[in-house]
Visitor: 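So that we are looking at the same thing, I have put the structure below in C-alpha cells.
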2 protein chains.
Amino acid sequence: MLPDEADQAQRFEKARSAQAGALLEDYVELIDDLLGSGGEARPTDIARRLGVSHATAIKSIARLKREGLATSKLYRGVFLTPEGHDLAARVRARHRLVVDLLIAVGVPERCAELDAEGIEHHVSEAALAAFARFLEAKRK
Amino acid sequence: MLPDEADQAQRFEKARSAQAGALLEDYVELIDDLLGSGGEARPTDIARRLGVSHATAIKSIARLKREGLATSKLYRGVFLTPEGHDLAARVRARHRLVVDLLIAVGVPERCAELDAEGIEHHVSEAALAAFARFLEAKRK
DNA sequence: AATATATTGTAGCCTGTGCTACATTCTAGG
DNA sequence: CCTAGAATGTAGCACAGGCTACAATATATT
Ligand SMILES: [Mn+2]
Ligand SMILES: [Mn+2]
Ligand SMILES: [Mn+2]
Ligand SMILES: [Mn+2]
C-alpha cells in the first residue's frame with residue numbers, strides 16, 4: 001500500500017523544489033506579458049497584478065535580478081535578461097498547454113484558468129509532452 | 001491579451017493560499033496512511049518519508065496540532081483528530097483522482113505519481129468533478 | 001543491570017515571502 | 001515653476017519551514 005520510503009521522499013522533495021521556483025516563474029511570465037503588450041513593466045503594475053504590496057514586489061524583483069533573470073534601474077521599470085526571456089517563453093507555453101488540457105477534459109474555462117496558475121509549476125516535461133499528444137489526438 | 005487586473009490578482013492569490021495548505025495536506029495524508037497500514041505514525045518515519053529532518057517534521061506536527069488536525073503525547077506517536085481524518089480522506093481521494101486523470105491522458109505512471117504530489121493541491125472541486133466525469137466516460 | 005543505540009524533543013540559525021510605515025524621487029496640473 | 005500626488009524604494013517586523021547541534025528519553029543488547 002505505502003510506496004517505498006526513498007521514492008516517496010523524492011516525490012515530496014521534487015514538489016518542494018518545484019514550488020521554490022514558482023514565484024520566479026510567475027514573475028517572469030507576467031513581466032514578459034507586460035513588456036509584450038506595448039508597455040513597460042513597472043513595479044506597481046506588477047504588484048497590482050500579483051495582488052501583493054509594492055514592497056513585496058520590489059523585493060521579489062530584487063531576487064529576480066540576483067538570479068540573473070531581470071534587470072532594472074532606478075525608476076526605469078523592469079526588463080528581462082535573455083535567460084529571463086527564455087524562461088518566460090517556456091513558462092507561457094506550459095501555462096497555455098495546461099489550460100488547454102484542463103479544458104479538453106471538461107474543466108470549465110474560468111476554472112481552468114484559476115487552477116492552472118498553481119498547477120503549471122508542477123507539470124514535468126514528460127507530462128507536458130503527453131498533454132500535447134492528447135490534445136493533438138483529440139483535435140482530429 | 002492580458003487578463004483583467006483584478007482577475008489576475010485573484011488567480012495568484014488563490015494559488016498562494018492553496019500552497020499555504022499543501023504542507024498540512026501532505027502531512028495528514030501521510031499520517032493517515034501510516035496509521036492505516038497497521039502501525040503508528042512516529043515523527044521519525046514521517047520525517048524520513050517526507051525527506052526532511054526530524055526537527056522539521058516535529059515543528060510541522062506542532063502546527064498540525066495547533067490547527068486542530070492532529071494530537072500527540074510525548075513519545076507516543078501522532079494521531080489525527082476527526083477533522084484531520086476527514087481532511088486526509090478528501091486529500092487521498094483527490095490525489096488518486098489526479099493520478100488517474102494524468103495516466104488517462106497518457107502521462108507515464110511513474111511520472112504521474114511524481115507530478116501529482118504537487119499538482120493535487122491546486123485542483124479545485126469543479127476540476128475534480130470534471131476529472132471524474134472524464135474518467136467515467138472513458139471507462140465505458 | 002548497565003550500556004549503547006535510536007528516537008524524540010529543544011534551541012537557535014537562515015531564507016523566503018508576506019506586511020506596514022516612512023522616505024525619496026518623478027511627474028503632471030495649475 | 002511649484003507643488004500635490006503617484007510611483008518607487010527602504011527599514012523593520014512576522015511567520016513558515018528548512019537546517020544543525022545538542023539534550024533528554026526510551027528501547028534494545030549484552
Ligand atoms: Mn503560476
Ligand atoms: Mn502562469
Ligand atoms: Mn502533495
Ligand atoms: Mn498526496
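Predicted model, so just to flag it, every value in this text is computed and none were measured.
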Visitor: I'd like to know if B:E29 pairs up with B:R92 as an ion pair, taking the criterion as any Lys NZ or Arg NE/NH1/NH2 lying under 4.0 Å from an Asp or Glu carboxylate oxygen.
Guide: no
Visitor: Let me have the donor-acceptor pairs involving side chains of residues 34-42 of chain B, under 3.5 Å, with sequence neighbours excluded, atom names and distances please.
Guide:
{"residue": "B:S37", "atom": "OG", "partner": "B:D33", "partner atom": "O", "Å": "3.2"}
{"residue": "B:S37", "atom": "OG", "partner": "B:L34", "partner atom": "O", "Å": "3.4"}

Visitor: Atom CD1 of A:I46 and atom P of C:dT17: how far apart are they, to the nearest Å?
Guide: 15 Å
Visitor: Provide, to the nearest angstrom, the distance between the CZ atom belonging to A:R16 and the P atom belonging to C:dG16.
Guide: 16 Å
Visitor: Just by distance, with hydrogens left out, do A:K65 and A:T71 show a side-chain donor and acceptor under 3.5 Å apart?
Guide: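 Absent: no donor and acceptor within the cut-off.
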Visitor: If I take atom CG in residue B:L50 and atom P in nucleotide D:dG18, what distance separates them, rounded to the nearest angstrom?
Guide: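 Result: 8 Å.
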Visitor: Just distance, no hydrogens or angles: give the donor-acceptor pairs under 3.5 Å from side chains in residues 95-112 of chain B, sequence neighbours left out.
Guide:
{"residue": "B:H95", "atom": "ND1", "partner": "B:E120", "partner atom": "OE1", "Å": "2.8"}
{"residue": "B:R110", "atom": "NH2", "partner": "A:D7", "partner atom": "OD2", "Å": "3.3"}

Visitor: How close or far is atom P of C:dT17 from atom CD of A:E25, stated in whole angstroms?
Guide: 12 Å
Visitor: Among the nucleotides C:dG16, D:dG18, C:dT20, which one has an atom lying closest to any side-chain atom of B:L23?
Guide: D:dG18
Visitor: Is it true that, when you exclude B:Q19 itself, more than 12 heavy atoms of the residues, nucleotides or ligands shown sit nearer than 6.0 Å to its CD?
Guide: yes
Visitor: Once you round it to whole Å, what is the distance between C1' of D:dC15 and CG of B:L24?
Guide: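 Spelled out: CG on B:L24 to C1' on D:dC15 is 14 Å.
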Visitor: Any chance you could list the contact pattern along nucleotides 3-12 of chain D? Use B for base contacts, S for sugar-phosphate-only contacts and - for none, protein heavy atoms under 4.0 Å, 5' to 3'.
Guide: ----SBBBBB
Visitor: Answer yes when A:R94 and A:E25 have at least one side-chain N-carboxylate O distance shorter than 4.0 Å, and no when they do not.
Guide: yes
Visitor: Would you kindly give the CZ-to-C1' distance between A:R63 and C:dT15, to the nearest whole Å?
Guide: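 So the two atoms are 10 Å apart, to the nearest Å.
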Visitor: What's the closest nucleotide to the side chain of B:T56 if the choices are C:dC19, C:dG16, D:dG18?
Guide: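 When the side chain of B:T56 is considered, D:dG18 is the closest of C:dC19, C:dG16, D:dG18.
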Visitor: Give a yes/no on whether any side-chain N or O of B:S53 is located under 4.0 angstrom from OP1 or OP2 of D:dC19.
Guide: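 For D:dC19, OP1 or OP2 has a side-chain N or O of B:S53 closer than 4.0 Å.
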Visitor: Measure OH/A:Y27 against P/C:dG16 and give the value in whole Å, please.
Guide: 14 Å
